[in-house]
Amino acid sequence: GMPRLADLRSVRLEVEGMTCGSCVQSIEQRVGALPGVVHIKVSLELRSAAVLFDPSLQSPASLCEAVEDMGFESSPPDPSSAEPVPTETLLLPAPELGPGAAQEALARLSRVQGVLDVRESAGGLSVVFVPSLTTAPQLGEVVTGVATVPETPASASPARRASPPSSAGSGVALVKLSVEGMTCHSCSTTIEGKVGKLKGVQKIRVALESQEATVVYLPYLITVQTIIDQVAVAGFKAVARSKPRPLKLSPSELERLVDAQRPTEPPEPSEEAEVFVDLVAVALRVGGMHCRSCVVNIEGSVGGLPGVSSVAVCLETGKASVCYDPLSVTVPRLRQAIEALPPGTFTTQLWGSGGPLSPPAASRSPALSRTVEVRIEGMTCGSCVRSIEGTLSQRSGVRSARVSLAEHRGTFEYDPLLTGPEDLREAVEDMGFDAFLTGEEVVWARPEPLKEKEAESEKEGTPGGKGGPHSKCYIQIGGMTCASCVANIERNLKNEPGIYSVLVALMASKAEVRYNPDVTEPLDIAECVRELGFTASVMENYEGSDGSLELVVRGMTCASCVHKIESSLMKQKGIIYVSVALATNKAHVKYDPEVTGPRDVIRWLESLGFEASLVKRDRTGSHLDHSTEIQWRKSFLVSLFFCVPVMGMMMYMMIVDHQMQTAHHHNASAEDYVHDHSSMFLERQLLPGLSVMNLLSFLFCVPVQFIGGRYFYVQAYKALKHRSANMDVLIVLATTIAFTYSLVVLLVAMAEQAKVNPITFFDTPPMLFVFISLGRWLEQIAKSKTSEALSKLMSLQATEATVVTLNSDKSVRSEEQVDVELVQRGDVVKVVPGGKFPVDGRVIEGHSMADESLITGEAMPVTKKPGSTVIAGSINQNGSLLISATHVGLDTTLSQIVKLVEEAQTSKAPIQQYADKISGYFVPFIVVVSLLTLCAWILIGFLNFPLVQKYFPGYDKSISEAEAVVRFAFQASITVLCIACPCSLGLATPTAVMVGTGVGAQNGILIKGGEPLEMAHKIQTVVFDKTGTITYGAPEVVQLKIVVEANRMPRSRLLAVVGTAENSSEHPLGSAITKYCKQELGSESLGACSDFQTVAGCGIRCLVSSVDNLPRSEDDNNQRNGILVQIALVQSASYTVLIGNREWMTRNALPVLPDVDEAMVEHERSGRTAVLVAVDGLLCAMIAVADTVKPEAELAVRTLNLMGLEVILMTGDNSKTARAIAAQVGIRKVFAEVLPSHKVAKVEQLQRSGKRVAMVGDGVNDSPALAMADVGIAIGTGTDVAIEAADVVLIRNDLLDVVASIDLSMKTVKRIRINFVFALIYNLVGIPIAAGVFMPVGLVLQPWMGSAAMALSSVSVVVSSLLLKCYAKPTAEKLEAQLGNVKRRPGSLSDVSVHIGMGDLRRASPKLSLLDRIVNYSRASISSLRSDKLSIHSLALSEPDKHSLLVGDLRSDDLALEFF
């Protein structure tokens, strides 16, 4: 039925109502398929269709009707308007084609567009074609293409390969595919891996940024469609961008191409040859197949053998039909191939003999088949099952063996001619099991096809469904950076044989896989993950699988209730362990979260008649630990209360002493001294040796020592246990010795009934404790003032969730509100617009945008459609969604972040404080000095007793000389110990810190406690987060480029129209644009907007009216006169406005001009987003929107560099934006696309390399890193969580405060050091006096001297600290001036080194391969504003640098090959 060749007509039809490319395609397909239609081309822009048809079969009117049937409007044109179309006939010479090749050539030619008729004629092929659709040379090429294909495998010798280039080279072609849906590096590697494996694909390069793939392939081995299908298997959509075109290559280049492909073997015989050979079919009987994956395994492996053209395996009948080429492969070889397949248990035999390709041999009557059931006892595990199945299925005559461990039986299908039930039973017994025949069904009928059963078992998740046994393993996966990595892993693993389900948790970096242990094992699964480009290891004995649950159960009365609950719960599916305690009314339940969950458990308990509820874990309370602050306050107040009277008595004694000295003119004898003292009230003895003074001091000292000092004892004990001497050890040592010594001396004096009151040190403990506990209390106040811990993080979580039950058709049957803790994995949860996502999950139904800025820190909302993952704690914006819960409870992303913060806070070693360091040296030193004093005086005493006698007051003849000496020596050494304890040491740090934090707070820097203050000056590396820290975190318009003449659309009207349109949008870009328009127009009021529709990831469309009366800006005055007339006409005109990305414009048939496109690419290179605006079908403007850098950022970074610190930028955003921003502020090192958990790891990595790290951030995603860093600095405008986790909070959103906080730290630390000098100087002077070095000079230490020294040192320390109040923050001007003499040079992109994700992959720009650069340069198709890609996922590497400019003028298509 070829048309009569002269009679073709063409007609142009008007078509209205097409909106996008898919309309075009559907019209072309539907109308093109009509009889008599030779060709159709539809144009969306011109709203018309050109049709080439045969008038004998169609008329313009009938075509028109066909278009209208599809729902478009089309008016029938005048029948005479159909013009005749000329045709030509061409004789193609095809001399040496064999009969097979000639058929192939005819087939190929008839497929060419525009060819109407092909016949074989003498000397070649005669072709009739329409010259407007195809040309003679193209047709000629088709025939030569067939001719060059080697005819038989034999002719494909190397000699053949070097034949003239015209024939050899035309075998290779290049095609460019546009691939949709790639989001990160692993996507592109996946595609390269999947397509590169295909036979006939020579080379593939996937460019992520331009979303395209360039493939070099052999068209006679593989078609573009196959390649596209393979990309689809990997989960991406691909369309051919360019027409595949043959590559003209010289033989040597072809040689190189092929060699690069397979270095060793000669090229395989081409498969095209096999089309011309007569194929043969053979049917084999395959035994030992258990399930669907065996089928796939056999089909895949045998289908891949050379010479096999098709394989069909039927599991039920055990038959494999193979069509093969007898020249390339033999039946024994096929059987061998099947039997060699893992697990090695397949058996094969011929079903019948193979003949030429007749209908397969199945038409013969099938061999007899029977099944028998054998009861098998003694099986203990899966491997018993496998060994029985394996051994028996190998026996001759056994078709299949299926053994069930649970039911203790095996079902064997056998051929009664070859074996019998008794043989089978014996075979099982031979293997060491007990086997009994249970009777047999003679005729074998499977109750149902296996597939459904397997699907069912997979759905139910019941282990041991017919799909084979289920096992579960956990795999630790490294290198995942975003949700698309997760999707990629899940998708590819699910395609692997033997894997039932995969669940990947991004934050926890692990995957839970259910698999069939017969088919695969964990190591293979990990290997599959590795092949996708991630690191993977199997987590051995991982306990995370079981959920555990603590319930309060009310209504239990006795032990039988307990038993009842335990036994009935244990019967339920999925419950692993139950323990109920009657006394506490609590039940602990362990369960398998895939089978059941807390809701079911509570329901079961309620059905038993008990009330059950979850134990509420108060996670927030544990962090609000004010108890330490309270304990130090108590300690201080107790000490103070008892210290005041002691101090009073001391002062009294000092004054009296002084008066007596003056009264006697400094030459009082010892007798006078004794006499005067005994006359004072305080010195009056109540009992012999016990004066009022000593009694009172003792009474006041006891409570201080044991109540006020309690915590010091505890701390000191801990320190000594760890073999370190800190401040507390020193204090405890001094006070204990002072107290015990004084007590002992007092008791001895009373025993001896001494006349002279002994010198006691009861005043030391109270004074020490007062000063030190004051210091500690101040420190705690500073800490607790800013710390409200992680409670804020927890408050992000939704408290309730709406769980819905669905009917089979996905309609909602019922919904109930439940506690978030009760949501189980697999529940369907409904989230309304504006609601929070209660759990991590996958969208089942609905479209919406989600604001994940709290979690990821990126401001752009992310599109959510069925299949997208959602994060708990993020906010649903505009559509209602149904999600299926994948991670609940402590597994959600948010809980993982909380956990990270907690871990970081606990794992961070608190820095050892200065005071402790000094004490570390000071304690041993003092102990040594006091021991020396002791020994020295004992020596002196025995050598020169009168000396001791002279200085030993109250020496009484009643005691022996030796005793006097020892007592005197002890007194001296104890005096040393007591005076040495510097109580001002305890004040030195806290007072300075207190003043420092106060000054900081006045300057807008909140510092939590002393550690960060002491730490900050040691910092060597400062890590900045990008979004919200270096940049504002909210987009702003940076350029509005108008691309129409002003008289068609004046600037002010355009602003008004755009502002009005975007006013209804919820997208941050929209609000940024509206804000800009309002600013520019200087007015808050905008026009009216109707018919607003938004397409996620594309743009918006709406009608805007009543904007013409808005105020005009001045620049329109000059056109005012020209427009007056127009305005009068269109006073209340309404405009159709389209705002969106390139894709949106093309969908709406608006061409984007090259210069606009270039401007867009330019913006996108520097990480901005470019949006196009069209009004009434006319492209009017391009708006560039970017997250703008804070103005002071650059100055701050430069100052930090000047201070000698390394500055790093770390962001979850893509590397392109990161690099642009880093260059803008002068940062040299960038880590891009970093997950929250990786941020912590990165900080740790830097710390391990010996650097002290400060982290500056603002988002929830930074909080773990803030907690981990030596100093975490949070921006005050950031999220509460970050503020909690950080050590320093900058109240003003000003990065110069980072510099200021480090500066303040340096000043404070300097002050602390000065304080230590003051604290110690009095002691260093006092110790020798106490030791009696100056005795010969007559300088003996009186107890009051020690006390005075203490008081003085404390006062000096406090005064010194108060001097910090004079601190002035460095201002921007001052910093500018400092930097003024340092030569500035603008940062260029090539200075910035970018590292991606966790790997230390260097991506320095000059090292890009030339191809990358060319591909980068010719990428005009970066489709921007894909809102879901714009979040943390797009990995990009384009950078305008000098290399790409060198090759800029060359077209990439022509070059692309040379670099493959």
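Numbering of residues begins at 1 and proceeds along the displayed sequence. The model shown is predicted, which means the values in this text are computed figures rather than measured ones.
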If every non-hydrogen atom of [X] is compared with every non-hydrogen atom of [Y], which pair is closest and at what distance?
| X | Y | result |
| --- | --- | --- |
| A337 | L305 | CB-CD1, 3.7 Å |
| A526 | A536 | O-CB, 3.6 Å |
| G420 | Y414 | CA-CE1, 4.1 Å |
| A281 | Y324 | C-CE2, 4.5 Å |
| M289 | G318 | CE-CA, 3.7 Å |
| V504 | E490 | N-OE2, 3.0 Å |

Would you check if [X] and [Y] make a side-chain contact, meaning some heavy-atom pair closer than 4.5 Å?
| X | Y | result |
| --- | --- | --- |
| V331 | L284 | yes |
| C473 | I525 | yes |
| I191 | M182 | yes |
| V239 | L177 | no |
| L392 | R395 | yes |
| E422 | L437 | yes |
| P421 | F412 | no |
| L493 | C528 | yes |

Does R409 have any salt bridge (charged side-chain N to carboxylate O under 4.0 Å, His left out) partners at least two apart in sequence or in another chain, and if so, which?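 For R409, the residues satisfying salt bridge (charged side-chain N to carboxylate O under 4.0 Å, His left out) (neighbours in sequence not counted) are E373, E407.
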Just list the side-chain donor-acceptor pairs under 3.5 Å for residues 224-238, sequence neighbours left out, or say none.
unit_1	atom_1	unit_2	atom_2	d
Q225	NE2	D229	OD1	2.9
T226	OG1	T223	OG1	2.7
Q230	NE2	K194	O	3.3

Count the heavy atoms belonging to other residues, nucleotides or ligands that lie under 6.0 Å from CZ of R30, then report whether that count exceeds 12.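 No, CZ of R30 has 12 or fewer neighbouring heavy atoms, counting only those of other groups under 6.0 Å.
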Main chain of [Y], side chain of [X]: is a donor-acceptor contact present, judged purely on distance under 3.5 Å?
| X | Y | answer |
| --- | --- | --- |
| S301 | I298 | no |
| E339 | T348 | yes |
| E429 | A435 | yes |
| E299 | V313 | yes |

For the atom pair [atom1] ([X]) and [atom2] ([Y]), what is the distance rounded to the nearest 0.5 Å?
| X | Y | atom1 | atom2 | result |
| --- | --- | --- | --- | --- |
| I475 | L523 | CD1 | CG | 8.5 Å |
| Q29 | L34 | CD | CG | 12.5 Å |
| R205 | E192 | CZ | CD | 7.0 Å |
| I388 | L424 | CD1 | CG | 12.0 Å |
| R530 | D524 | CZ | CG | 10.0 Å |
| K472 | S501 | NZ | OG | 9.0 Å |

